[in-house]
Amino acid sequence: TQQGKVLTHVFRFENAGDSTLVVRNVRTSCGCAAALISKRQIQPGKSGEIKVTFNTKGYEGNQTKYIYVDSNDPKEPKAELTVKVAIDVPPRPRIELDNYSIDLGLILESEGIETQARVSNPGERELSVEFSHKDAEFTIGGKAVPTPLKIAAGKGVTVGMKINPRRNVGLVREYVLLRTNDPMRPNLSLYVSGYIVTLEQLQELFYRHRDKLKDSRQVTKKR
């Protein structure tokens, strides 16, 4: 079936016992599927229905969803129903990042936050990307990134980022918002974190741990 459709299937069942069948609970394996039962008490010899709907938006390929039915059936108090579907996705752009969260460790106050990310398009259509962060500069090969950035199918680019952090020292966590024409991922966040220190703090750390650093160098030389 084509992606985006809402599919429906009805499971019909019969009470083959000699007493009232009570269905206590019906639940699904994910929020994309919903299950409704026609009635919760079924007399002997009578039938009931469980209607299952599955919204295929955002899904692709072979999908399997489960419906769990709890009842007073002594032989099978917890029944499991299965729905399977193969979802076809039309050709589209796709965005992939080499890292979605970058930890830069210690950052010297005077240097600010500088890093880079590889943005790839493994899809079949041209990818369009816009970067958003009010205190950041985005470059490719030293030149400002065009808005929007166009990436051909099967290609990728490395984008440099320079962020002026909102605080001078201490823990910093920034996120860059990427807006794309990928229908599956129209909005994407790239997180950049680190700990900003002054030159004096860095020198203090160095002197405090200089013996450990010397020992580690000696071990490295021996190897």
Side-chain angles (χ1 to χ4, degrees), residues 1-9 28-34 52-67 81-107 111-166 171-195:
T1 188
Q2 192 172 16
Q3 185 191 61
K5 289 185 176 180
V6 178
L7 306 178
T8 301
H9 181 77
T28 61
S29 58
C30 80
C32 59
V52 180
T53 57
F54 172 39
N55 188 349
T56 63
K57 182 179 179 179
Y59 291 86
E60 59 182 306
N62 295 324
Q63 297 290 326
T64 301
K65 305 301 173 185
Y66 301 96
I67 300 91
L81 308 175
T82 304
V83 291
K84 295 182 178 181
V85 62
I87 303 172
D88 296 326
V89 180
R92 72 175 199 275
R94 293 175 56 194
I95 184 169
E96 291 290 345
L97 302 180
D98 59 347
N99 285 299
Y100 294 86
S101 181
I102 302 173
D103 185 355
L104 298 176
L106 291 179
I107 305 168
E111 294 180 350
I113 299 174
E114 291 191 43
T115 186
Q116 60 184 25
R118 180 75 178 174
V119 185
S120 302
N121 175 18
E124 302 83 15
R125 304 283 190 188
E126 183 180 68
L127 176 67
S128 175
V129 186
E130 292 184 13
F131 298 85
S132 179
H133 187 292
K134 67 177 184 178
D135 298 315
E137 297 177 7
F138 304 98
T139 58
I140 298 177
K143 296 182 180 179
V145 170
T147 302
L149 172 63
K150 303 287 187 177
I151 303 177
K155 302 295 183 180
V157 297
T158 299
V159 177
M161 294 177 285
K162 185 175 182 180
I163 302 174
N164 295 317
R166 297 181 176 88
L171 182 65
V172 61
R173 183 174 175 85
E174 303 283 345
Y175 72 91
V176 176
L177 178 64
L178 285 72
R179 295 186 176 90
T180 82
N181 62 338
D182 180 344
M184 298 285 286
R185 309 176 84 179
N187 295 292
L188 195 64
S189 292
L190 168 63
Y191 294 91
V192 181
S193 61
Y195 197 93

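Residue pairs meeting the side-chain hydrogen bond (donor to acceptor under 3.5 Å, both in side chains) criterion with at least one partner in residues 142-161, sequence neighbours excluded, are R118-T158.
By the side chain to side chain contact (heavy atoms under 4.5 Å, CB included) test, S132 pairs with L177, R179, sequence neighbours left out. Every residue meeting the side chain to side chain contact (heavy atoms under 4.5 Å, CB included) condition with A34, not counting sequence neighbours, appears here in chain and number order: T53. The side chain to side chain contact (heavy atoms under 4.5 Å, CB included) check on N55 picks up V6, K57, with sequence neighbours excluded. Under the side chain to side chain contact (heavy atoms under 4.5 Å, CB included) criterion, P186 pairs with no residue, sequence neighbours left out.
Within the 4.5 Å cutoff, no side-chain heavy atoms of F54 are placed close to those of T1. With a 4.5 Å cut-off on side-chain heavy atoms, E174 and V172 count as touching. Annotation: side chain of V159 is not in contact with side chain of V129 (no heavy-atom distance under 4.5 Å).
The OG atom of S29 sits 7.0 Å away from the CD1 atom of I67 when rounded to the nearest 0.5 Å. In this structure, CD1 in I151 is found 6.5 Å from CG in N121, a value given to the nearest 0.5 Å. Atom CD1 of I113 sits about 11.5 Å away from atom CZ of R173, to the nearest 0.5 Å. Annotation: the span from M184 atom CE to Y59 atom OH amounts to 9.0 Å, rounded to 0.5 Å. Note that CZ of F138 and CD1 of I163 are 6.5 Å apart. Values are rounded to the nearest 0.5 Å. For the atom pair CG (L171) and CD1 (I107), the distance works out to 9.5 Å, reported to the nearest 0.5 Å.
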Walk me through whether L178 and F131 qualify under side-chain contact (heavy atoms from CB on, under 4.5 Å).
CA-CA 5 Å; L178 285 72; F131 298 85; 3.8 Å; yes

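In terms of heavy-atom proximity, G123 sits nearest to A153 at O-CB, 3.3 Å.
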For residues 88-97, run the donor-acceptor check on the side chains, cut-off 3.5 Å, and write out each pair with its distance to 0.1 Å, sequence neighbours left out.
from: R92; atom 1: NH2; to: E60; atom 2: OE2; distance (Å): 3.3
from: E96; atom 1: OE1; to: Y100; atom 2: OH; distance (Å): 3.1

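The only member of I102, V176, N99 that meets side chain to side chain contact (heavy atoms under 4.5 Å, CB included) when paired with T115 is I102. Among T82, V83, V85, the single residue meeting the side chain to side chain contact (heavy atoms under 4.5 Å, CB included) criterion with K65 is V83.
Looking at Q3, its side chain never comes within 3.5 Å of a backbone N or O of T56 through a donor-acceptor pair.
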